[in-house]
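This report concerns only the one structure given below.
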Amino acid sequence: MPCSIERRLKSAGGLPPDTLVEKETAILRDSQRLIERYHDNSPGSMLRIALAPCSPFSVSTNLMRESAALARNYPGVRLHTPPRGK
């Protein structure tokens, strides 16, 4: 069952301080803006974007899914996810 971002706030027992948590729509919108402005997928480019949502303990399932979908929409944009525990 996916958790809402509100339940992941420090004040609700989560890890990140409340003041550092952004709305998911703002995160995705800004990620798209940065990809469209800076990502260069040309051969040899040193300017490539990788989306890297924080640990699964700090972000919702929806943000992980939407970040993956966003990365798939732009050639060469990578998605970094933390390793899963055993």
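- Two residues are said to be in side-chain contact when any heavy atoms from C-beta on lie closer than 4.5 Å; Leu79 and Pro53 meet this criterion.
- Going from atom CG of Leu28 over to atom CG of Asp30 covers 10.0 Å, rounded to the nearest 0.5 Å.
- Atom CD of Glu24 and atom CZ of Arg29 lie 12.5 Å apart (nearest 0.5 Å).
- Other residues, nucleotides and ligands place more than 12 heavy atoms under 6.0 Å from the CZ atom of Arg33.
- Using modelled atom types and a 3.5 Å distance limit, the side chains of Asn62 and Ser60 yield no donor-acceptor pair.
- With sequence neighbours excluded, the residues satisfying side chain to side chain contact (heavy atoms under 4.5 Å, CB included) with Arg48 are His39, Asn41, Ser45.
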Exercise answer: donor-acceptor pairs, residues 67-74 side-chain atoms, under 3.5 Å, sequence neighbours excluded:
unit_1 : atom_1 : unit_2 : atom_2 : d
Ser67  : OG     : Leu63  : O      : 2.9
Asn73  : ND2    : Ala69  : O      : 3.3
Tyr74  : OH     : Gln32  : NE2    : 3.1
Tyr74  : OH     : Glu36  : OE2    : 2.5

Evaluate Ile35 against Leu51 for side chain to side chain contact (heavy atoms under 4.5 Å, CB included), listing each step before the verdict.
CA-CA 9 Å; Ile35 291 167; Leu51 301 178; 4.2 Å; yes

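- Looking at Ile27 and Thr25, their side chains never come closer than 4.5 Å, going by heavy atoms from C-beta outward.
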